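The structure appears below as structure tokens.
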2 protein chains.
Amino acid sequence: MTTRKDIHNSDIPVLCQSCEARHGGVCAALDQHQLQALSKASWKRKVEPGTELVGDAEAVDSYSNVLSGVVKLTKGLSDGRQQIVGLQFAPDFLGRPFKVESRLGAEATTDVTLCSFPKAAVERMMKESPGLEHRLLQQTLSELDDARDWMVTLGRKTAGEKVASFLLLIARNIDPAASPEGGKTTFDLPLTRADIADFLGLTIETVSRQLTKLRADGVITIENNRHVIVESLERLELRSGD
Amino acid sequence: MTTRKDIHNSDIPVLCQSCEARHGGVCAALDQHQLQALSKASWKRKVEPGTELVGDAEAVDSYSNVLSGVVKLTKGLSDGRQQIVGLQFAPDFLGRPFKVESRLGAEATTDVTLCSFPKAAVERMMKESPGLEHRLLQQTLSELDDARDWMVTLGRKTAGEKVASFLLLIARNIDPAASPEGGKTTFDLPLTRADIADFLGLTIETVSRQLTKLRADGVITIENNRHVIVESLERLELRSGD
DNA sequence: TCGCGAATTTGATCAACATCAAAGCGCCGA
DNA sequence: TCGGCGCTTTGATGTTGATCAAATTCGCGA
């Protein structure tokens, strides 16, 4: 790691100086001046697991960056069945541009740090600065890719393959460096069994049984229900179906 | 229908004059000058059902507008299982900006008319004209909404609800005016039973049985395997689960 | 450290959908 | 008009994952 000489930290808002979103996130598309303007109207907050960030069919007047933790995006059927339709990791942008009403629920599944800004401010900035809109298009396209990958998992994979795919998804998002040859990784599950089931279109019991099977076969180890040690990424991939 | 006096048709490229994409599609974001430039490099073509437009994992150097017909977007698993991850109707934009290689297959499921342009031309135009990128962001966001709706269908609905949801999706795309109170609509299925199964994550047999059940219950009538008459949109919605 | 409630695992049974098999029908060319 | 091929429907049976039920384990505060 070398110090970036091209950036004068003194010109960057205090709030943003150590912020992840300024690198990988949408704020990377802003110049110092814009960052100053936006940061004045923005605020940081920490929330606990289970905190509802956006209710389904609720009017929203702010956007956020996820700075740490995991947020689940949910959709429900009228009789209570639920499906998780996306997971947002840092430094993802949270919110649906150009729509007043959210058609998604958003809830923290771990401790989450957010940086939020008024919708209007972002939309104004988007008009002046094509770079921001470009960045947003990039993230949206990549979310669309992810959603379509997951449609294959939901529609065509077996329960065992679904659970393996889920573990790989988490492993790759939490430890992006992990390579299949390397073999091992370790992480804390950011979701409960119930959430995993809602993400995979399964029941908790089926999720639990498949995890037990992976454990019995020595592919993973689980400590304290949450901490997962992947003994062999390669074998996990083999079980993921694709 | 009134004539639009604000547009001088003489200034619009012949190719574009009667083109659907110039209204709802991405070309609506272009001014006459840009339209002229793009149309010089673009070409129209008609293809038959079953024509592969883009192969999975294939390099692509052009984008297209769907002018008529239906294109299915597919993803496959290594052992041959397939999932349709999206359907494109006119005047949708076809292609994945900012990526050389497609991770999707695209295939015509009906007679399809396409207007294609070189990737480079579109990308150049996108840099000069924020309006085009904005339009593309809009379509991408709406495709993401659709994909997430479909994830709920794939993950949490029963076979009966899936088939009803599918019929509604087609009805709404082919006859957008159809209202639930109106009651009736009619359309030709743009997909074979095998395609419907791949879209819904089911087998052909299950799709067939569910269609039979809908017919037996008087919700729909089917003529010649392809032509569907929805007797009651309201009852179809009731069966779609949400 | 103990004890309680919630989350998870495990077990037994059931239902939905898949699979395997065969018959029916519609379309198209000879 | 006839015949054949491919698509669709229908039927019988099998398997996967859901459901119902109970036992364990974990997290956490007293």
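This is a predicted model, so every value here is computed, not measured. Proteins come first, then strands; the chains are lettered A, B, ... in the order of their sequence lines, and each starts at number 1. Atoms considered below: every heavy atom in the structure, side chains included; atoms not considered: hydrogens, waters and symmetry mates.
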Short side-chain to backbone donor-acceptor contact, A/Glu161 and A/Thr158, under 3.5 Å
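Such a contact is found between A/Glu161 side chain and A/Thr158 backbone.
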Atom-pair distance ([atom1] on [X]; [atom2] on [N]), nearest Å:
X	N	atom1	atom2	value
A/Lys213	D/dT16	NZ	C1'	10 Å
A/Lys157	D/dG17	NZ	C1'	18 Å
B/Leu200	C/dA18	CG	P	10 Å
B/Arg226	D/dC7	CZ	P	10 Å
A/Asp195	C/dT8	CG	C1'	14 Å
A/Arg81	C/dA16	CZ	P	13 Å
A/Glu223	D/dT25	CD	P	16 Å
B/Arg156	D/dT19	CZ	C1'	13 Å

Which nucleotide, [options], lies nearest any side-chain atom of [X]?
X	options	value
A/Arg215	C/dT9, D/dT10, D/dG27	C/dT9
B/Glu205	C/dC20, C/dT10, C/dT9	C/dC20
B/Asn225	C/dT9, D/dG17, D/dT9	D/dT9
A/Thr203	D/dA18, D/dG17, D/dT10	D/dA18
A/Arg193	D/dG17, C/dT8, D/dT19	C/dT8

What contact category does [X] fall into here, base, sugar-phosphate, or nothing, at under 4.0 angstrom with non-hydrogen atoms?
X	value
B/Thr212	sugar-phosphate
B/Gly160	nothing
B/Leu202	sugar-phosphate

For D/dG11, does the base pair up with any side-chain atom of B/Arg209 as donor and acceptor (N or O, under 3.5 Å, distance only)?
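Indeed, a donor on one side and an acceptor on the other fall under 3.5 Å apart.
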Taking atom types as modelled, find out whether A/Lys157 and A/Ser165 have a side-chain donor-acceptor pair closer than 3.5 angstrom.
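Indeed, the side chains of A/Lys157 and A/Ser165 share at least one donor-acceptor pair under 3.5 Å.
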Measuring to OP1 and OP2 of C/dA18, would you say a side-chain N or O of B/Thr206 lies under 4.0 angstrom away?
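For C/dA18, OP1/OP2 do have a side-chain N/O of B/Thr206 under 4.0 Å.
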Centroid separation under 6.0 Å, is that true for the rings of A/Phe199 and A/Trp150?
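Ring centroids of A/Trp150 and A/Phe199 are less than 6.0 Å from each other.
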A/Asn224 vs B/Thr192, nearer the 5' end of DNA chain D by closest nucleotide
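Its nucleotide being nearer the 5' end, the pick is B/Thr192.
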State whether the number of non-hydrogen atoms from other residues, nucleotides or ligands found under 6.0 Å of B/Lys213 atom NZ is greater than 12.
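For B/Lys213, atom NZ is not crowded (no more than 12 foreign heavy atoms under 6.0 Å).
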According to side chain to side chain donor-acceptor pair (under 3.5 Å), does anything in residues 53-69 of chain B pair up with another residue at least two apart or in another chain? List the pairs.
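The answer is B/Tyr63-B/Glu123, B/Ser64-B/Ser116, B/Ser68-B/Thr113.
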